[in-house]
2 protein chains.
Amino acid sequence: MSKDTPAKLIDAAVILFAKKGFSTVTIREVAEASSANSALISYHFGGKEGLYRAVLEQQFAEVGRALLSVSTQNERPLDRIATFAWAIINLHQTNPYLLRLVNAELSTPTPSFKEVVKLYIGRNFEFICQAIREGIEVGEIKKEIQPEYAALALAGIINFYFLAKPLEQQFVTMNSDSDSEYGKQAIQIYLNGIRRNGSE
Amino acid sequence: MSKDTPAKLIDAAVILFAKKGFSTVTIREVAEASSANSALISYHFGGKEGLYRAVLEQQFAEVGRALLSVSTQNERPLDRIATFAWAIINLHQTNPYLLRLVNAELSTPTPSFKEVVKLYIGRNFEFICQAIREGIEVGEIKKEIQPEYAALALAGIINFYFLAKPLEQQFVTMNSDSDSEYGKQAIQIYLNGIRRNGSE
DNA sequence: GTCTATATTGCGATAGAC
DNA sequence: GTCTATCGCAATATAGAC
């Protein structure tokens, strides 16, 4: 059995919205890419805006699933941070459109987006902050580190690479395992950066 | 004497393009914001696209200037990297529209963007790579570090914070010197992360 | 150089047959 | 549910007076 029309439309729209941004994409484009009729977008989703909302919901459902496994583990703080970072890297690899969609909303978040994001991103942010606080308490992490800023630094070092990939490819030649190679380097730099060294 | 029309148009367009992205902004909006006539956009810049190109050029001229002062200094590698990072932070503080303009183009660069940007960003990227290579040679930086990936990590740790600021403010309360506070933490983490420790 | 008025295009949405 | 045809609108660009 082949996919039904709403699913076909969403699948095509995810790619187009991620690549070109909401306003640049036309419903005729989406229709052609999904071999459906443009009128069906209004019929099934109430319009272009409704299709976009459906796309966001489908994509963010993935985030919740991916990170559920991490937060239930119980390693030591530094290891927990590394596990989390790899989960994010894996998420971006398996779902390359997610970050682009988020990015489009970064500068001027829409109200509906804010709600969705605050839930998913806020949860992750708190998870990392907590791991850092614990790390400081048990002496694994330098006590000068401020958990909130250090959490943002981790977000930057992991996410920016995937975000700017189209630009980066103009300067660095990348192959199939550049992502995990970057992950190794980035996580190593970050953990060494916050780790409390014995001498101190 | 008041500013001439092209300058007025560019100044208004910088803000609008940064806030809303190229396709969402209408020439009528720009005209109203700059108290000029919309027809003058075609007259002076040959159209909306030409105005956008002029905006990018004006903004990126700033980047060139900011980096110039850094690259002429001649510190040791790690200090040079720190000086560079602070210059970028300062650039974002004094010019909050720049990164938003870049961000809008991150996923799908337009032709005008590619030409202007490849020059400026490529130059910065090479500058950092070179500093890292030197740092490895003189034993200041771990030899396992790969210069290209480490340069991308620095870009991420510095730029992402400013990029995602509208989102971050929902989780962290920020004040006027949060930027430099973040800068201290981020640069400290990064430099400690790549620095060769004495024992090794 | 600057204005008004308009030409032209392409969008999202819908009416109505099937 | 899906199609064709079309409406209504808003956008860029331009022609032509001043």
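First the proteins, then the strands, lettered A, B, ... as listed; each starts at 1.
- Under the 3.5 Å distance criterion, with hydrogens and angles disregarded, a donor-acceptor pair is assigned to the side chains of A/R195 and A/N192.
- Side-chain N/O atoms of A/R28 and base N/O atoms of C/dG12 include a donor-acceptor pair closer than 3.5 Å.
- B/H44 places its NE2 atom 15 Å from the C1' atom of D/dT14, with the value rounded to the nearest Å.
- Side chains of A/I132 and A/E148 form no contact here, defined as non-hydrogen atoms less than 4.5 Å apart.
- Between the CG atom of A/N37 and the P atom of C/dA15 there is a distance of 15 Å, given to the nearest Å.
- With distances taken from any side-chain atom of B/T26 to the nucleotides C/dT2, D/dA11, D/dG1, the minimum falls on D/dA11.
- Remark: A/K48 is positioned above the aromatic ring of A/F22, its terminal NZ or CZ atom under 6.0 angstrom from the ring centre and at most 45 degrees off the axis.
- Picking from C/dT14, D/dT4, C/dC3 the nucleotide with the shortest atom distance to the side chain of A/S42 gives C/dT14.
- Rounded to whole Å, the distance from CD1 on A/I27 to P on C/dG10 is 15 Å.
- A/E57 and A/R53 are not joined by a salt bridge, as no carboxylate oxygen comes within less than 4.0 angstrom of a charged side-chain nitrogen.
- Atoms OH (B/Y52) and P (D/dA13) sit 15 Å apart, rounded to a whole Å.
- In this structure, A/I41 atom CD1 and C/dT14 atom P are separated by 13 Å, rounded to whole Å.
- With C/dG12, D/dG1, D/dT14 as the choices, the nucleotide that has an atom nearest any side-chain atom of B/A39 turns out to be D/dT14.
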